[in-house]
Structures are given as structure tokens and as C-alpha cells.
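One is the number of the first residue; the rest follow in order along the sequence.
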Amino acid sequence: MRVEIRVWRMARIVGLSLLISGYAVIAGYAPAQTGAAPNSAPSKDANIQLHGDLERAAEAMHKGELASAEQALRHALTIDPHSIVALNNLGIVLARQGKPAEAIPFYEEALKVRPSDAATERNLAIACFKAERYAPAWRVLEPLAKQYPTDFQILDLAGLSLFALDRYTEAAAYLERANQAQPSDLETLDMLGKAYLRMKDYKALTGVFARIMQVNPNSASAHFMMATAYDQMSNRVDAIKEYQAAVAADTNFMGAHSGLGFEYWREGENDLAEKEYRAELQRFPSDPVSNCILGQILLEKSQPAEAEPLLRAALAVNPRYAEALLALGKAELDLQHPRAAVDPLRKAIQIDPNYFQAHFVLGKALRQLGRTAEAATEQKIALDIQEKERAKAIKRNESQ
């Protein structure tokens, strides 16, 4: 979930930092903004040097010369460790350099100098979010959202922080408020839809989808969300339609081809599924799910030599992908490599001891190697697991 937020929303978070940096840089020219304690104010000469550092830092920030800005601000803090401008701007510079975790202590120090300063608190929240410290970000944002109940940026970031904490109901509430502040913001609507999807609130998701369609009828992301919802509701016909719409809206949208391929695969349409998975891998060659399922499709078509490298590619990304391990074991058996099949099958069983298919195929591999006693043990385990699963299923049906 957190990766998803970073992919879709980091541009917005950077935008927030730039807005606050504008305030802080302007403040840097005002002597009253240094924040020094009255009994430790710099001397007149030191004060002149301090403001010289602040001005040089401001100019460097405007030019994008972040290393020079950082140097000037660190020097300013040797003169006045309590300069709220230097503390804030140094935090901003570090965040822009991709070091938000290093920025956080400077914002926290600035808040000791000037408690409850809204601009500093916003900077701190942004830095915490960018550093993936979502709980501290939320602790800062919650009171800010009460203080500024219609501020789009605060509401949006609060919703994103709660989303990252898997608190989807609360996230949706804040994102709804953000949407009220800026109804046409597609990124907010997109994350709001994702929150409702996690909640399995399909009625609310449908409402968000309609809002997105009003703003952008060709939103691949919105069609993808609806396809996922239909899939969760076992409505494969509409899921296929929405995945097709996502592909039509943006053929390079990550997951659109593989989602469509998955629906075809479950319908037994292997040729159509193969076409979609190949299209996905053409765009995203390392996608483990696409590599694994395309490998399984090729195994079903008796093409183990083609399947094997795909399955190994899936495992290179996710070594604990049990389905890929099982399929690789099957591919090695089909290639008459029973010894090579044993290792991935044992790994699959280590990951899931109740993976009866892996036990069964391992038994076949061991039998081909002449290890008949071990083979019989594995295949008996497979049958025992299947019997237990059947018994559980019967009990579930009887209790309903």
C-alpha cells in the first residue's frame, strides 16, 4: 500500500514542500523571523553575517543550488541555533535533496523555538510522510486539519497518511473533505476510490468512479479500480469490460493487460490470456505475476522450455513466490530434469507446508530419481492434506 502511495502521489507531496519553502524563504529576509532567544541574541556584526547567510541560502534555493544553500544555512545555525528561518529552510533543502528523515529534527527544533507554528508543522508533516513515517505525520496533521478544516493540502495529506496506515475508513473521510475543497483533483479522487476499494464499499466506489468520469472519461486508473471491484464481486463479465476500457484509455497503464489476462485465464481463454500477459511483459518485463502466470499457461500448452525462464524471472523478483516454485518444479519435470525439480518444490513446501500440489509433484520427482520411499511419503502427505481440506469444506457447508 505504501508503495502505491509513493508512486501516485509523491509529485503532490513535493509540491507541498515547494509551497512552504516559498513562505520560509521570504521570511528569511525579515530580521524578526530569526527566532533567537532574547538573552542569547547575536551581536550586531553576527546578526549582519546571519542575514547574509540567509540571503545567500535563499538565492541558492531559488537557483536550485541545494548544496550551497545547505552550507549557508548550516553556517547560519552556528551563529544563531534558534533561527526559525534557518531551521525551516535547512529542513526544506534536505527534503528536496531526498533526505526527509534528516530534515525532521530541524523542523522539530524550529517548533521548540516557535511552538504551534503552522508553516513549520506543515513542513514537518510533509517530511514525515516522505520519510514513510506515517504515524508521526498523522499526529501532526490531525490538529492542523481541525485548525484549517477546508485546507485542501492538509486534508489530502491527512487522508494519504491514514491510507498508508491501513485506516481506510478514516482516510476516506479526509479524502472526501479534500475532494469537496477541490472537486476536480483527479489524484485525490483516485486515492479516495482506492480507499473504498480496500473497504469493499463498492457502492461508494461506484460513486467516486462516476465523479472521475465527469472530470476525465478516459481515466485508465478509474477503469482499473472498477475492474478490480468487479473481480472481487466475481462479476467477470464486467471486470473484463473495465479492464478492456483501461487498456483502451492507456495501453501502458501498469497492470491493465495483466488484469485482463487474468480474467481470460480464469475463463479458460488461454490464447487471449497469453496475448495480454505478453503485452504486459513487453512494457513491464520484471512483473513477477505476469511472468509466473504466462509460464503456467505455456506449461499447459506443453512448452516447458519457454516457461522455465519466465518462472525464474518471477522468482528473481520474489524468491518466496510459492506458485512460481511449483510451476518451475513442473517445468523441470517436463524437461526431464527431476533432480532440478526437487529444490524449488521443497522451497514451496517450506513456505506453505500444506501446499498439497507441491508435495504431490515432489513425490513424482523423487520417484523418477528412484527414491521410492520418500516419494510415497510425499504423495501420502498430499492425499492427507486434501482429505483434511475436504472435511473442512463439508463442515463449513453443514454449518451454513
Side-chain angles (χ1 to χ4, degrees), residues 1-2 4-24 26-27 88 92 95 100 107 116-199 201-226:
M1 219 62 69
R2 294 152 179 77
E4 182 179 29
I5 287 179
R6 289 200 300 274
V7 168
W8 287 99
R9 298 307 301 243
M10 196 47 69
R12 170 61 55 81
I13 305 308
V14 170
L16 282 169
S17 296
L18 291 174
L19 175 68
I20 303 308
S21 74
Y23 163 87
I26 292 168
N88 249 312
I92 290 164
Y107 294 137
S116 303
D117 181 75
T120 306
E121 287 177 330
R122 193 183 303 226
N123 277 343
L124 176 59
I126 293 167
C128 288
F129 185 91
K130 290 176 71 176
E132 299 180 43
R133 300 180 184 179
Y134 303 116
W138 165 240
R139 285 197 293 271
V140 177
L141 288 161
E142 185 178 17
L144 280 176
K146 292 175 182 176
Q147 188 177 355
Y148 303 100
T150 60
D151 186 303
F152 168 76
Q153 294 165 337
I154 290 172
L155 295 170
D156 190 52
L157 193 56
L160 293 176
S161 299
L162 289 164
F163 188 103
L165 293 167
D166 301 332
R167 294 165 62 174
Y168 304 121
T169 302
E170 295 166 275
Y174 278 91
L175 292 169
E176 285 283 11
R177 289 169 60 188
N179 176 243
Q180 289 173 11
Q182 288 195 19
S184 62
D185 188 87
L186 283 170
E187 292 182 339
T188 298
L189 284 167
D190 183 79
M191 291 308 300
L192 177 58
K194 287 178 169 65
Y196 285 132
L197 185 61
R198 300 299 184 280
M199 295 161 60
D201 188 340
Y202 302 120
K203 182 178 179 181
L205 173 58
T206 302
V208 173
F209 177 74
R211 281 182 260 174
I212 294 174
M213 289 296 100
Q214 289 177 348
V215 180
N216 178 15
N218 294 314
S219 170
S221 178
H223 287 296
F224 186 87
M225 277 194 295
M226 283 307 302

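The shortest heavy-atom contact between Ile212 and Ala222 is CG2-CB, 3.6 Å. The minimum heavy-atom distance linking Phe152 with Ala181 is given by the pair CB-CB, 4.0 Å. Contact between Ala137 and Ala125 at its shortest, heavy atoms only, is CB-O, 3.7 Å. Of all heavy-atom pairs spanning Tyr168 and Phe163, the tightest one is CE2-O, 3.6 Å. The nearest pair of heavy atoms linking Pro217 to His223 is O-NE2, 3.6 Å. Considering all non-hydrogen atoms of both residues, Lys130 and Ala95 come closest at NZ-O, 3.4 Å.
With rounding to the nearest 0.5 angstrom, the CG atom of Leu192 is 13.5 Å from the CZ atom of Arg177. Note: Leu155 CG to Leu141 CG = 9.5 Å, rounded to the nearest 0.5 Å. Taking CG of Leu157 as the start and OH of Tyr174 as the end, the distance is 12.0 Å to the nearest 0.5 Å. Atoms CG and OG, from Asn216 and Ser184 in turn, are 11.5 Å apart once rounded to the nearest 0.5 Å. One distance of note links OH of Tyr202 with CE of Met226; it measures 10.0 Å at 0.5 Å rounding. Here CG of Leu205 is found 13.0 Å from NZ of Lys203. Values are rounded to the nearest 0.5 Å.
Side-chain atoms of Thr188 and Asp185 include a donor-acceptor pair closer than 3.5 Å. Defined by atom type and a distance below 3.5 Å, a donor-acceptor pair is present between the side-chain atoms of Asn88 and Thr120.
In this view, Arg167 and Glu170 satisfy the side-chain hydrogen bond (donor to acceptor under 3.5 Å, both in side chains) rule, not counting sequence neighbours. Arg139 meets the side-chain hydrogen bond (donor to acceptor under 3.5 Å, both in side chains) test with no other residue; sequence neighbours excluded.
At a threshold of 4.5 Å between non-hydrogen side-chain atoms, the residues Lys194 and Ser221 count as touching. Annotation: side chain of Asp190 is not in contact with side chain of Leu186 (no heavy-atom distance under 4.5 Å). The side-chain heavy atoms of Asn179 and Arg211, taken from C-beta on, include a pair separated by under 4.5 Å.
Under a 3.5 Å cut-off, the side chain of Tyr107 and the backbone N or O of Ile92 do form a donor-acceptor pair. Arg198 contributes no side-chain N or O that, together with a main-chain N or O of Asp166, makes up a donor-acceptor pair within less than 3.5 Å.
For residues 176-199, no pair satisfies ring pair (Phe, Tyr, Trp, His ring centres under 6.0 Å), with sequence neighbours left out.
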